[in-house]
Amino acid sequence: MRQRGEVAPQVEKRILRPCEPAVEPACPCMRGEQGAQGRARDADRAREFIDGTVRLDAQGVLFDALTADEAGRAVVAGAGIDAGEFGHDALLRRDGWARPVACPRGGRGRSPREPRRVMSDPALQPVVKEIPPKAADLSAWYTAVCLKAELVSYSPVRGCVVLRPYGYGLWENLQKHLDKAFKDTGHENAYFPLLIPEGLLLKEAEHVEGFAPEVAWVTHGGQEELTERLAIRPTSEAIIGVMYAQWVESYRDLPILINQWANVLRWEKATRPFLRTMEFLWQEGHTAHAHAAEAREETLKMLDVYREFAENVAAVPVYAGIKSASERFPGAVETFSIEALMPDGKALQSATSHDLGQNFAKAYDIKFLDADQQIKYAYTTSWGMSWRMLGAMIMTHGDDRGLRIPPKMAPLEAVFVPIVRKGDERAVAAAHDAAKTLREAGFRVRVDDRDQQPGWKYAEWDVRGVPLRIEIGPRDVDAGTVVLVRRDKAKGDPEQKQSVPLDQLAQHVRVSLDAIQLSMYEEAKAFLHEHTPRANDRAEFTRLCKERAGMVDITWCGRAACEAHVKAETGATTRNTRALDGDETSCVACGEAATVRAYFAQSY
RNA sequence: CGGGACGUAGCUCAGCUUGGUAGAGCGCUUGCUUUGGGAGCAAGAAGUCGCAGGUUCGAAUCCUGUCGUCCCGACCA
């Protein structure tokens, strides 16, 4: 068998160099760029006659020198080929088969492929090449920004991304803040195995059922098939529950307050950077308590830690509340969540906190002898936030120039861009000096002294969302100043640029970063509030849900059937619920008695 | 997992309908000139056309399969 592309020997020797066409085509549509109507396929052994010149290819397929490739033409046509070599001798009897082919009227011109996205509205032209405008296509914008800002790369593993150093920097800042909050509330870190024996996972029925479709299994160790399959953890309640059972004997052993920073794996069908990947990073807290009230208190405390982190660090405003029964964590008594609103009107669950009651303690046998000499099951909780929170932050704050990172999350708080002129590189040294001063004051900064145009660097750091840019050029060196440029403000905004004395740089940077953090949060909060309509009747409610108007706030009956009906009709589900705040008595969605207020939205 | 689209140089894509020597722009390398919002000139390097089969004298192009990505649904942190 010949290799691909290798030409049979008998043809090879006949290949001539490209030659000029012998004739002009009878019709433009005969040219390569035009489609002659339905020129028959090879299988049809098409034949054509053009301007008296008859050509055929090696299969005996006739073609003219103007439409097919020059070399190929030369092979067969020019040389008066002996078709016997190819077994098509019948076709070579020109007189017998050559006949004119009608030239189709307009031809069927091949139109250039449509651009992927048509953006005829000038307002929707990209500001940065390779990043589509955010408002035109949030999905495309999001993916482009994640890649262009070098947060992630796709990997050869389906559904798994590489978290690049800049993206990992975001994760480290999330870890830093959350970890401190966990420690401040009395928790310790530990690490549990990645693999969970099947039998263990099966112990909590609801839990198994909930995760079954997305569990990956290890079935072999080397060549040997395992007698018991091992699940790659989709979450760690099972393995941790078993260990807690070993550790707890007395009420004096409680509470256990442990957090784990880990990766987990869920066999997802559709994936997107941060929002949904098969393997993802998260933290999962697991606690065990002697009393139900204490477990509930813990659940709510951690929910508040998440809310506080989202709002004050990631600058993402959220609604905290109780999940409906259908959205509850498999096996939990009650699930609480914080929910953020994305620019397209879809909600993004950013963290969850579960009161597991005694369900898991019973499944994994976590029991203790209480002070009253009774053996009792413990009350457990679990709570988690994943790198999905980064996705929420990216979508909430980014703009057409790229990422905008809130200062507290930014791997780099400020970047120096020195401007050099021929024979004047003082700015570079000045920038390094100033950067050293800032670093010593605790700021995360870098000097971009790469060999690129200043404008190029501005655009680059805009895409990567560094909150503050510090320009320093010859004029500044002379004047003893620098120019601070805020990423959160638009070009031309009077607040965007500010010239400050070099010797007061640290104070000004501090003030600017704080202002940026606050301003970004306020902006996002305004968006959330503007997109939290209260619907008062069913028609309005349905319309708002369908339009993705935001977090549609209604009084709700709390019934699963009602929720399912709303979902089928509008695509929206409850995000979370809270206590009624007035005398409302009927559910806006179905008219039954209302029991709670609920936010409804389509969600990620 | 259903419906749709797409895999060609690092990136964005053209070429495919009608099989005939692998293309452009940007980026990259080197040199010079530049540098306060993605610089200019010159020279240069770079692709087993996702992968595997099949058809053919010959496949980026046609056929089958497969893997991956994106979009819309369903499901989920």
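No experiment lies behind these values; they were computed from the predicted model shown.
The shortest distance between the side-chain N/O atoms of A:Gln453 and the OP1/OP2 oxygens of B:A39 is below 4.0 Å. For the pair A:Tyr142 and B:C70, the criterion of a side-chain N or O lying under 4.0 Å from OP1 or OP2 is not met. At the phosphate of B:C75, OP1 or OP2 sits under 4.0 Å from a side-chain N or O atom of A:Lys567. The phosphate of B:C71 (OP1 or OP2) has a side-chain N or O of A:Ser139 nearer than 4.0 angstrom.
Residues A:Arg307 and A:Asp304 are paired through a salt bridge, judged by an N-O separation under 4.0 Å between the basic side chain and the carboxylate. For A:Glu460 and A:Arg469, the salt-bridge test fails: no basic side-chain N is under 4.0 Å from an acidic carboxylate O. Between A:Asp399 and A:Lys489 no salt bridge is recorded (no basic side-chain N to carboxylate O distance below 4.0 Å).
Here the side chain of A:Arg272 is nearest to one of B:A77, B:G38, B:C71, namely B:C71. Nearest nucleotide to the A:Tyr154 side chain, out of B:G38, B:U69, B:A39: B:U69. The nucleotide whose nearest atom lies closest to any side-chain atom of A:Trp456 is, among B:G37, B:G38, B:A77, B:G38. Listed nucleotides B:U33, B:G37, B:G36 differ in distance to A:Lys497; the shortest reach to its side chain belongs to B:G37. The side chain of A:Val420 sits closest to B:U35 out of B:A77, B:C28, B:U35. Set against B:G36, B:G38, B:U34, the side chain of A:Val463 has B:G38 as its closest nucleotide. Nearest to the side-chain atoms of A:Lys491 among the listed nucleotides B:U34, B:G37, B:U35 stands B:G37. Across B:G37, B:A77, B:C71, the shortest atom-to-atom separation from the side chain of A:Phe280 is found for B:A77. For A:Tyr458, counting side-chain heavy atoms from C-beta on, the closest listed nucleotide (B:C71, B:G36, B:G38) is B:G36. Distance from the side chain of A:Arg548 is smallest for B:G73 among the nucleotides B:A77, B:G73, B:C71.
Between the CH2 atom of A:Trp141 and the C1' atom of B:C70 there is a distance of 17 Å, given to the nearest Å. In this structure, A:Ile472 places its CD1 atom 12 Å from C1' of B:G36, rounding to the nearest Å. A:Leu348 has its CG atom 12 Å from the P atom of B:A77, to the nearest Å. In this structure, the CD atom of A:Glu425 is 13 Å from the P atom of B:U34, given to the nearest Å.
Taking atom P in both B:U61 and B:G50, one finds a spacing of 8 Å when rounded to whole Å. Rounded to whole Å, the separation between the C1' atoms of B:C57 and B:G19 comes to 12 Å. Using P as the reference atom, B:U12 and B:C70 are 13 Å apart when rounded to the nearest Å. Rounded to whole Å, the C1' atom of B:U66 lies 16 Å from the corresponding atom of B:C6. For the P atoms, the distance linking B:G37 with B:A42 amounts to 25 Å, nearest Å. Comparing the same atom, P, in B:G10 and in B:G27 gives a spacing of 16 Å after rounding to whole Å.
Residues A:Glu284 and A:Val264 form a side-chain contact, since some pair of their non-hydrogen atoms from C-beta on lies under 4.5 Å apart.
Ranked by how close their nearest RNA chain B nucleotide is to the 5' end, A:Lys422 and A:Thr277 are led by A:Lys422.
For a distance-only test at 3.5 Å, the side chain of A:Arg401 fails to qualify as a donor-acceptor partner of the base of B:G38. One can find a donor-acceptor pair under 3.5 Å joining the base of B:G37 and the side-chain atoms of A:Arg469.
Inspection of the A:His354 and A:Thr335 side chains reveals an N or O donor paired with an N or O acceptor under 3.5 Å.
A:Asn576 contributes a side-chain N or O that, together with a main-chain N or O of A:Ser337, makes up a donor-acceptor pair within less than 3.5 Å.
B:G31 is paired with B:C41 under the criterion used here, namely a Watson-Crick or G-U wobble arrangement in which both key atom distances are under 3.5 Å.
Note on ring orientation: taking the six-membered ring where Trp is involved, the planes of A:Phe274 and A:Trp387 are perpendicular (angle over 60°, cut-offs 30° and 60°).
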